[in-house]
Amino acid sequence: MALTVGAVTAGSGHAVPGPIHAGNTFGWYRNHLIRYEFVNGNGPYWRTSGPGQVANQHGMLTLNTAAHGSLSATLTRQGHAYGRWEIRLRSRRYATAHTNYRVVTELVPSGGRKQHCGGDEIGLENYRLGSNRAKFYIHTLPDNDFRAWKGRNLGTDRWHTFAVEATRTHISWFVDAHVIRTERRPAALEGTPLTVRFTMRAAKGKQMNPSRMQMDWLRYWGDKYPSSRSVAAPRTVRSTYHGAC
């Protein structure tokens with residue numbers, strides 16, 4: 001199923017909109033920009049799957065779950081191997097008696113490229129509702145796993161921004177306009193063209209607490225110009241990803 005939401009493209013020099021976030025804090029607006037503000041839809045850019053509803057609600061892309069199963073929305077436009085992606089996100093659960101959903105935003109292989117069972121992707125954020133600890137990661141083939149965690153107040157309807165900068169030399173994560181990790185090891189830098197996928201991830205076979213995730217906006221910037229501030233930060237923990245196929 002395709003969902004119609006809007007995209008706005010701007011070139012270098014476009015006025016910086018909105019509150020403080022990584023895009024304006026680190027000078028990414030010097031680069032080519034594509035904005036998804038989720039108002040005034042002008043194209044069927046999102047492919048959805050799973051039980052529940054994906055809708056444009058009051059200018060926010062909203063995933064409302066059912067009581068079972070995962071729900072996702074994947075951006076179907078051209079992917080990018082390098083650049084910066086940032087979202088403004090909040091989440092909410094409507095019950096507590098059963099299993100909590102995980103709120104997940106990932107960069108996954110775009111177009112018809114193989115998904116490799118999650119073996120080739122970057123996680124902007126991954127947290128369980130009811131928790132205040134978000135996970136960030138890179139999976140590269142054949143079985144590399146680079147990950148980190150960050151504590152944050154992720155309570156009901158708390159807005160946060162999450163961003164990733166992917167270049168030929170490093171991948172950095174940003175939360176609320178602060179760089180938290182930078183990974184430079186070659187095994188993490190695969191360079192696959194990627195697109196955005198939002199997921200409310202269910203536990204297999206479990207009854208889930210009906211919940212939602214809402215994105216106020218999504219932005220992508222190119223990589224022609226580097227960040228205007230240092231992205232020096234601790235690197236991730238490297239381990240093995242056993243799910244690749």
Min side-chain heavy-atom separation [X]-[Y] under 4.5 Å:
| X | Y | value |
| --- | --- | --- |
| L63 | M215 | yes |
| I138 | E190 | no |
| W85 | I122 | no |
| T161 | R88 | yes |
| T195 | R77 | no |
| R197 | E121 | yes |
| V179 | E165 | no |
| L89 | V103 | yes |

What pair of heavy atoms forms the shortest contact from D216 to F38, and how long is it?
O-CD1, 3.7 Å
Between Q207 and T99, is the side-chain contact (heavy atoms from CB on, under 4.5 Å) condition met? List the steps.
CA-CA 6 Å; Q207 183 171 350; T99 302; over 6 Å; no
Under the ring pair (Phe, Tyr, Trp, His ring centres under 6.0 Å) test, which residues partner W221, sequence neighbours left out?
W28, Y29
Using only atom types and a distance under 3.5 Å, with no angle test, would you say the side chain of [X] pairs donor to acceptor with the backbone of [Y]?
| X | Y | answer |
| --- | --- | --- |
| T76 | Y45 | yes |
| R30 | P226 | yes |
| E183 | T236 | yes |
| R84 | G222 | yes |
| N31 | Y225 | yes |
| T199 | R201 | no |
| N153 | N132 | no |

What about I34 and L124, same hydrophobic cluster or not, with Ile/Leu/Val/Met/Phe/Trp/Tyr joined at side-chain heavy-atom distances under 4.5 Å?
yes
Are V108 and F162 linked, directly or through other ILVMFWY residues, by side chains that come within less than 4.5 angstrom of each other?
no
Listed by chain and number, what are the salt bridge (Lys or Arg N to Asp or Glu O under 4.0 Å) partners of R92, not counting sequence neighbours?
D157
Excluding sequence neighbours, so at least two apart, what forms side chain to side chain contact (heavy atoms under 4.5 Å, CB included) with R133?
S131, W149
Under the side chain to side chain contact (heavy atoms under 4.5 Å, CB included) test, residues paired with I180 that sit two or more places apart
F136, K150, W173, V175
Audit row: H21, R219, side-chain contact (heavy atoms from CB on, under 4.5 Å) steps and yes/no:
CA-CA 11 Å; H21 56 92; R219 291 171 189 154; 3.3 Å; yes
Side-chain donor-acceptor pairs under 3.5 Å in residues 237-245, sequence neighbours left out?
from: R238; atom 1: NH2; to: N144; atom 2: OD1; distance (Å): 3.0
from: S239; atom 1: OG; to: D145; atom 2: OD2; distance (Å): 3.3
from: Y241; atom 1: OH; to: C117; atom 2: O; distance (Å): 2.8

Just checking, R235 and F146: is the charged tip under 6.0 Å from the six-membered ring centre and within 45° of the axis?
no
Can you check side-chain contact (heavy atoms from CB on, under 4.5 Å) on T25 and F174, steps first, answer last?
CA-CA 11 Å; T25 300; F174 306 79; over 6 Å; no
Mind checking side-chain hydrogen bond (donor to acceptor under 3.5 Å, both in side chains) for [X] and listing every partner two or more places apart, or none if nothing turns up?
| X | value |
| --- | --- |
| S91 | Y127 |
| R128 | none |
| H178 | none |

Can you tell me which residue among I171, T105, I87 is in a side-chain contact (heavy atoms from CB on, under 4.5 Å) with V164?
I171
Hey, what else clusters with [X] if you join Ile, Leu, Val, Met, Phe, Trp, Tyr whenever side-chain heavy atoms sit under 4.5 Å?
| X | value |
| --- | --- |
| M60 | W159 |
| L141 | none |
| Y137 | V104 |

Applied to residues 64-75, the side chain to side chain donor-acceptor pair (under 3.5 Å) test, sequence neighbours excluded, yields S49-S72
Between CZ on residue R102 and CE on residue M208, distance to nearest 0.5 Å:
10.0 Å
Rounded to the nearest 0.5 Å, what separates atom CZ in R93 from atom OG1 in T156?
7.0 Å
Checking D120 against R113 for the side-chain contact (heavy atoms from CB on, under 4.5 Å) test, could you report, in this order, the C-alpha distance in whole Å, the side-chain angles of both residues, the deciding distance, and whether it holds?
CA-CA 10 Å; D120 189 7; R113 294 176 178 87; over 6 Å; no
